[in-house]
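What follows is a short report on a single structure.
Keep in mind that the numbers below use all heavy atoms, side chains included, and drop hydrogens, waters and symmetry copies.
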Amino acid sequence: MSYLVLARKLRPQTFDEVVAQEHITETLKKAITSGRISHAYLFCGTRGTGKTTTARILAKALNCVEGPSSEPCLKCTNCIEIASSSSMDVLEIDAASNTGVDSIRDLRENVRYAPAGSRYKIYIIDEVHRLSGAAFDALLKTLEEPPEHVVFIFATTEPHSLPATILSRTQRYDFRRIPLNDLIDSLRRAADKEEIKITDDALTLVARKGDGSLRDALSLFEQVLAYADGEITVELISDALGLVDLSLLFELTECIHNHDSAKVLEHAAKLTQSGADISQFLIDLQAHLRNLLVSKSVEDSSNLIELSDSYVQQYYEQKDYFSESDIMRMVHAVAELRQQLKDGADPRIYLDMMLLKLARMDTTATLTEVLKKLQSMAGGGSGFQPNTVSSQPVPESVKVAPPESNNNGNTGKDWGSFLKSYTQTNGVMSVMLRQGVSSPIEDGVIRLALPPDAGARTILTSEKIRKIETAMAEFFGETIRLKIESDPNVKLNNSKSTLDPRFDMTPDDLFDKNPDIKKIVDKYDAKITSIKKIDSKGADNG
C-alpha cells in the first residue's frame, strides 16, 4: 500500500473527533437528531480548521444506512465510500479549478436526478468564493429551491467574498482557529499512535508553528519525522525546519536588557548561519515581545500566553526587564524592519542594526521617576524646587491643576471651576473666556462681559458658543446658556493674554531658572504641555 500522509491518515471520522469545533459539531448533531436538515450549509474559517473534514462527516451522517444519524456507523457501504472519496452520491468540487459558469450549469442539470444508492445527493464545493459572478448567478435558483434529495455544503476561507444572495440562502458556521493546547494534545495523540518519541517542548514548538491549523501542524510534524533519528527534540526541529527556538529569544532578551552589543551580534550571526528565515524570526520576536508585555501588564497571564508553564515562568522572570513603553518601542522597531525587508533591504545588515538599536536603547524614564530624582537633588542642598511638567514620549503623565482665573472681576465661582476644566479641552478658547467678567448663573444663563477690543465677535462665533455650552452642560449636569456681552468698563488683561492658562511661567523662563529640566526635555525630545508651581506644602497640595 502507498504511504498515506498523517493529515489524511489521522483525519477525524466522527463529529466527536473534530478538534476544537464543538460549537459547530454539537449544533449539527442536534439538527440531524431532530430532523432539521438544511438544504445548504456554509462552513467558514482559516485553513486546517476542519471545514472539509466536517463536511464529509456530515455527508456520512446523512447517508449512513443506519441514519440519518449524528453518529454514523462507519461500517456500511455509504460510510466507507464517502471516507474514501469514491461515493457517486457525494461529489466534491474544487471551485478554484471549476470557476466557470459551465461547471455550475452541469451541476444544475445533474441535481434533478435522484441519488444512485443513498438518501441524499450531496455537493461539497470547496473554496466556493473562487466561483465567478456568472457561476454564482447560475447557482442561485437551484440553491434557493433545490430538489428534496440534494444538500449543498460550501467551504470557504473568505466568506466576505461571497455575494449576499448566496449567504442569505445558507446556514453559516464559523470555524475557529484551533487553540495551541488542543493542537499539542492532537500532536501528542498522533505521536503516541505512531509510536514516536518527542519531548513536550518540541511538540509545543511544532504546534506553535501550526498557527491554529491542525493540518499545517501535522505537515510540519511529518517533515520532522523524515529528518529525525531517535527522540525528537527542540534542537532537532529547529535544524530541520529552520525555526527559532524560544530559548534563543529569551537569551536575546537577556542580552538586550544587559546592553550587551557583542552578544546580540553573536545571536544574529547564529541566526543567519543556521539558515533561519529572518522574516519568520521577526514574526516570532514580535510574538515574544507581546508575551513579555502581557506578563508585565496582567497579574495572571497564563491564560493569555499559549505556551507551556515553563515558558510562562520565564516570561514572568523577565517581565521587569523593560517598561511597557520600552516593549512597545521594541515592537515598533521590529515592525519597521519587517517593512524594510519587504522593500528589499539586506536582511543581515538591517537585522544587525535593529538588534544593536534595541541593545543600546535607553530605558524610558517616567515622569514620576524624574521628579523623584529632582526632589532628591533638592534635598541634597541644591535649593531646587521642581515644577510639574508633562512631556512626551514620557509614558506616565501627571495631572496638573489648572491655574485660577486671572480675572479679578469674576464673581461666578462655578464659572471659575468650569474654566479650570475647560482649559484642558481648549486652552486657547479658555484664554479668551478668562478676559471676561461673569455673572452668577440666573435662569440657566451665564452672562460674560468682554472688553470691546477682545475680538469676541470674530472668535466667539455661534458654533464656538454652542461647543462651549455643550461642555458646560457636561460639567454642570444641566443645560446652561452662555450670553456674550460687550462692556467698555472691562479692560483687556494684556499681561496674561499671550500666556496659556495651563502655564504659570513660560518654558523659556522655566529653563533659565532650572537648566536640569531643559536637559531632560532635550534628552527625550519632549514637549512641555503644562507648568504649575508647587507650593511649600508639596505636590499633593499644588
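Counted by atom type alone, Asp216 and Ser219 present zero donor-acceptor pairs between their side chains at under 3.5 Å. There is a side-chain donor-acceptor pair under 3.5 Å between Tyr321 and Glu254. Checked by atom type, the side-chain pair Thr156/Glu127 shows no donor-acceptor distance below 3.5 Å.
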Can you list the steps and then say if Gln21 with Thr54 is a side-chain hydrogen bond (donor to acceptor under 3.5 Å, both in side chains)? CA-CA 9 Å; Gln21 308 298 343; Thr54 303; over 6 Å; no
Go through the steps for Arg338 and Gln286 under the test side chain to side chain contact (heavy atoms under 4.5 Å, CB included), then give the verdict. CA-CA 10 Å; Arg338 290 183 64 187; Gln286 280 187 316; 2.7 Å; yes
I'd like to know whether Asp284 forms a salt bridge (Lys or Arg N to Asp or Glu O under 4.0 Å) with Lys209, so could you lay out the CA-CA distance, the side-chain angles of the two residues, the decisive distance to 0.1 Å, and finally the verdict. CA-CA 10 Å; Asp284 293 341; Lys209 293 306 173 184; 2.6 Å; yes
Starting from the C-alpha separation in whole Å, work towards a yes-or-no answer on side chain to side chain contact (heavy atoms under 4.5 Å, CB included) for Ile278 and Arg348. CA-CA 8 Å; Ile278 300 301; Arg348 175 64 186 272; over 6 Å; no
Full working for side chain to side chain contact (heavy atoms under 4.5 Å, CB included) between Met472 and Ile468: CA-CA 6 Å; Met472 290 167 58; Ile468 296 172; 3.9 Å; yes
Going through the distances and angles, do Ile24 and Phe15 end up as a side chain to side chain contact (heavy atoms under 4.5 Å, CB included)? CA-CA 9 Å; Ile24 294 175; Phe15 286 122; over 6 Å; no
If you apply the rule side-chain hydrogen bond (donor to acceptor under 3.5 Å, both in side chains), what do you find for Asp201 with Thr204, and how did you get there? CA-CA 5 Å; Asp201 287 343; Thr204 300; 5.0 Å; no
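Within 6.0 Å of the NZ atom in Lys319, the count of heavy atoms belonging to other residues, nucleotides or ligands exceeds 12. Taking a 6.0 Å sphere around OH of Tyr316, one finds it holds 12 or fewer heavy atoms contributed by other residues, nucleotides or ligands. No more than 12 heavy atoms of other residues, nucleotides or ligands lie within 6.0 Å of CD in Glu71, so this atom counts as exposed by the packing criterion. Annotation: Arg130, atom CZ; neighbour count of heavy atoms from other residues, nucleotides and ligands within 6.0 Å does not exceed 12. No more than 12 heavy atoms of other residues, nucleotides or ligands sit less than 6.0 Å from atom OH of Tyr350. The environment of CZ in Arg176 is sparse: at most 12 heavy-atom neighbours from other residues, nucleotides or ligands sit within 6.0 Å.
Salt bridge Arg172/Asp174: present, at least one basic N to carboxylate O contact under 4.0 Å. The residues Asp182 and Arg177 are annotated as not salt-bridged, no charged nitrogen and carboxylate oxygen being separated by less than 4.0 angstrom. Here Asp326 pairs with Arg329 in a salt bridge; the nearest charged N to carboxylate O distance falls below 4.0 Å. Checked for salt-bridge contact, Lys29 and Asp16 meet the test: a charged N lies under 4.0 Å from a carboxylate O. A salt bridge is defined here as a Lys NZ or Arg NE, NH1 or NH2 lying under 4.0 Å from an Asp or Glu carboxylate O, and Glu194 with Lys9 meets this definition.
When all heavy atoms are compared, the tightest approach of Phe322 to Lys296 is O-CE, 3.0 Å. Scanning both residues, Lys60 and Gln13, for their nearest heavy atoms gives NZ-OE1, 2.7 Å. When every heavy atom of Leu218 is checked against every heavy atom of Ala7, the shortest pair comes out as CD1-CA, 3.9 Å. Between Val264 and Leu356, the shortest heavy-atom distance links the atoms CG1-N, 4.2 Å. Across all non-hydrogen atoms, the minimal contact from Lys51 to Thr157 is NZ-CG2, 4.0 Å. Minimum interatomic distance between Ser186 and Val19 (heavy atoms only, all atoms of both residues): OG-CG2, 3.5 Å.
Atom-to-atom distance recorded for Glu158:CD and Cys44:SG is 11.0 Å, nearest 0.5 angstrom. The CG atom of Asp126 sits 6.0 Å away from atom CG of Asp94, with the distance rounded to the nearest 0.5 Å. The CG atom of Leu183 sits 14.0 Å away from atom CZ of Arg188, with the distance rounded to the nearest 0.5 Å. The CG atom of Leu285 lies 11.5 Å from the CD atom of Gln280; values are rounded to the nearest 0.5 Å. Atom CZ of residue Phe475 and atom CD of residue Glu469 lie 16.0 Å apart, to the nearest 0.5 angstrom. Rounding to the nearest 0.5 Å gives a distance of 9.5 Å between OG1 of Thr253 and CD of Glu251.
Using a 4.5 Å heavy-atom threshold, the side chains of Phe221 and Leu6 count as touching. Contact annotation: the side chain of His267 never approaches that of Leu271 to less than 4.5 Å [non-hydrogen atoms, C-beta and beyond]. Two residues are said to be in side-chain contact when any heavy atoms from C-beta on lie closer than 4.5 Å; Arg434 and Leu419 meet this criterion. Side chains of Leu42 and Ile153 form no contact here, defined as non-hydrogen atoms less than 4.5 Å apart. Taking 4.5 Å as the limit, some side-chain heavy atom of Leu252 sits within range of a side-chain heavy atom of Leu355. With a 4.5 Å cut-off on side-chain heavy atoms, Thr14 and Glu17 count as touching. Side-chain contact between Lys193 and Leu10: present, with at least one pair of heavy atoms (C-beta onward) separated by less than 4.5 Å. In this structure, Asn258 and Lys263 have side chains that are not in contact, with every pair of non-hydrogen atoms separated by 4.5 Å or more.
At distances below 3.5 Å, at least one donor-acceptor pair connects side-chain atoms of Ser168 with backbone N or O atoms of Ala164. A donor-acceptor pair is defined here as one N or O able to donate and one able to accept, closer than 3.5 Å; such a pair exists between the side chain of Ser213 and the backbone of Arg47. A donor-acceptor pair under 3.5 Å is absent between the side-chain atoms of Ser297 and the main chain of Val294, judged by distance alone.
Aromatic ring centres of Tyr173 and His23: separated by at least 6.0 Å. Taking the ring centroids of Tyr315 and His288, they lie under the 6.0 Å cut-off. Phe154 has its ring centre no less than 6.0 Å from the ring centre of Phe43.
Results of the side-chain contact (heavy atoms from CB on, under 4.5 Å) test with Ile349 over Asp352, Leu351, Asp346 single out Asp346 as the only residue that passes.
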